[in-house]
Amino acid sequence: MGLESLRSWLGRIRRYGRKRHPESVEALRLAAEASDAGAMFRLGMLYLGGKGVMRSIADGAVWLERAAECGVVSAQFELGMIYLEGARAQPWPGTPAAWRSAAATRNPASTTAICEVLFPNGLEVQQDLSKALHWISQAAQAGHAEAQLALGNMCRYGRGCEQDHAKAQAWLLHAAGQGLCSAEFALGDIYFQGLGVEQDCDQAAGWYERAADKGDPRAQVALGFLYLTGRGRLEDHGAAAALFLKAAAQNEVRALYHVGLLFQAGDGLPFDIDRAETFFRRAAKKDHLPAILALADLYARGRNVQPNLREAAYWYHRAAELGDVQAQYLTGRFFATGTGAAPNLREAARWFQRAAEHGHAAAAYSIAMMYREGAGVAQDICRAIDWFERSAAAGISAAQVQLGRLYLAGEGVARDSVRGADWLERAAAGGEPEACTALALFLLQAGDGTDWSRPRELLQGAVEKGHAAAAMLLGDVYFGKFKVPVDHASGLGWYRKAADAGHADAQFAIGMAHLRDGGARDQAEAAASWIEKAALGNHADAQFQLAVMYCTGQGVFQDLPRAVAWYERAAELGHVVAQFNLAVMLNKGQGCDPDPVKAIGWMEMAAERGMPEAQVALGDLLRAGRGRTVDVGGARHWYQEAVRQGSDVAKARLEAIGVVGRVVEPDPE
């Protein structure tokens, strides 16, 4: 090489330092091929960074290896780190792998051939821990601080070598001696965890402090914890807060979370819910699960702020997606109840199932109930029983009660009174009121009434815990629904306890008891008062009875419009006689304007439920064309349905249709 050529070559090499990469690549390649080790290293680094050349870890590794074999320490370190993780562990944008994927979608046939030309050394470097250990050791022994740190960590975790905490400590000390803060932090961990040494929080704090003073956010957090807990340093929450704030300024996620906790508690920092929420949110946006849960809890409970269930549901959903089992269960509840989110039983079932599959007992109970009812999932009693059993085995008494009832009824399983009773006994053993009530009901149904001391004890215990259904059942016992001597006075007393707790069945029972006591005006008025309470609690039978009372003026002033209103409420809840009576009143205009269209709609509902009187009346309406066009065929159909139930009136109607010759054959469908 002549003098001028050498000067030109040196100038082009200097342009590498000024980042004029495209102009320097050719010069570096010439120098590298002329056995210049420094050029080999620089060229390898250009390939790794994709500067002036297409990025290729494999090509970079080839040049780094040549430089490493020539003793270039930085090349030995870089090459060792590539082998430590492999090329796949470095997902840089624009890598040959990404290029190949894009090319393959355009022309799969030629992609392989093109790759072989452009990337003769391949597209990746496979992980090779033995080569990583070799080259990192070479660099570490030559005094490369980062290599010493890497080798210390390899010895600490046993990567590519036997785990050896003593060697790890020695290499970390070498790196720390050169002021490498990551090594100082790692030594703090060695002493804090007692890895190969006696646990020593004082030593740990010292090493953490060195790294923290150099601005290492991990060390600042670790030292903050020591101040917070009084280990290795005197407990000082203010000092802990100051360290957390320094790390939080560098967006260290654990620091953001703990600063939020300190602001929330007013501990080491002034109480400030708004700032707590800000720091929680910053950490939550980095998918830090504890911060997400803290934010969700803050919005759900409304600590010193108004609860915001929509925000709470959003953050619990995020936590659920990150795998938090309790959050999965709570997300299911949000969707199931429509609280904080639009009701969606399918989504509720999905989240309950995910939580249940991870062992959440309450979620197992919830998904079991959904399979039993067919809510959000296809009804499947067998799967319901499976989830009930998992939940019951974890001690959820409600699941044990459900299993007991299913086995006693033979629903989805072979009837087994012994097994059913066993599950109810298990549930009642914990004193849960619903379980005690269910077991008492089973014992009452199975007993002969000669000795009902056990069910009475169970029910009275449940009543003492405020369980209205137990008081209701005691009232039923004394009113003769089981083989126990009747005692109406005691029965009314127990009904009253249940009624005062808002139990609609008990309120209705008291009202009906007053009606049965005679026709005295005060008794009828008392009956109406109790029945109305039950009716307001959406008790369909009570709504129907109240409507009857307004029709007849029994216990209340006669008021047909109010009767119509109560019939309609009962009809909407599926009370078949209320549907029939409402249709009659609408058809005749009693207490309302006549409305044949609405009347025939309610009459159809009652007829479809199998009420023969409604079937006959519906036939009459169709024959007369009330609310619809005349439909003798339809009328005949409903008369025939009523005849099947033994209605002589319907039989007479059919005969009448035949006499006048107006029979219209129904559609075969």
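Residues: numbered from 1 along the sequence shown. Side chains included, hydrogens not; waters and symmetry mates left out as well; all remaining heavy atoms used.
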Contact summary for [X] and [Y], nearest pair of heavy atoms:
| X | Y | result |
| --- | --- | --- |
| Lys483 | Gly447 | CD-O, 3.8 Å |
| Ala392 | Leu403 | CB-CD1, 3.7 Å |
| Ala363 | Phe352 | CB-O, 3.5 Å |

Output the distance between atom [atom1] ([X]) and atom [atom2] ([Y]), rounded to the nearest 0.5 Å.
| X | Y | atom1 | atom2 | answer |
| --- | --- | --- | --- | --- |
| Asp287 | Leu322 | CG | CG | 5.0 Å |
| Gln545 | Ile531 | CD | CD1 | 5.0 Å |
| Ser391 | Ile367 | OG | CD1 | 12.0 Å |
| Met603 | Lys598 | CE | NZ | 14.0 Å |

When you check the side-chain N and O atoms of [X] and [Y], is any donor under 3.5 Å from an acceptor?
| X | Y | value |
| --- | --- | --- |
| Glu277 | Tyr299 | yes |
| Gln615 | Gln645 | yes |
| Tyr314 | Arg318 | yes |
| Gln402 | Arg372 | yes |
| Gln326 | His360 | yes |
| Gln353 | Tyr371 | yes |

Check: Tyr478 ring centre within less than 6.0 Å of Trp452 ring centre: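 Between Trp452 and Tyr478, which both carry aromatic rings, the centre distance is below 6.0 Å.
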
Qualifying residue for side-chain contact (heavy atoms from CB on, under 4.5 Å) with Phe482, from Leu443, Val477, Asp448: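 So the option named by the test is Val477.
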
Sidechain N-carboxylate O distance under 4.0 Å for Glu641, Arg644: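 A salt bridge is present here (some side-chain N lies under 4.0 Å from a carboxylate O).
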
Pair Tyr550-Phe557, ring-ring contact (aromatic ring centres under 6.0 Å, His included): steps then yes or no: CA-CA 7 Å; Tyr550 275 113; Phe557 290 108; 9.7 Å; no

Mutual orientation of the aromatic rings belonging to Tyr365 and Phe388 [parallel < 30°, tilted 30-60°, perpendicular > 60°]: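 The arrangement is tilted - the two ring planes meet at 30° to 60°.
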
Partner of Tyr495 under side-chain hydrogen bond (donor to acceptor under 3.5 Å, both in side chains), chosen from Asp500, Asp476, Asp505: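 Of the listed residues Asp500, Asp476, Asp505, the side-chain hydrogen bond (donor to acceptor under 3.5 Å, both in side chains) partner of Tyr495 is Asp476.
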
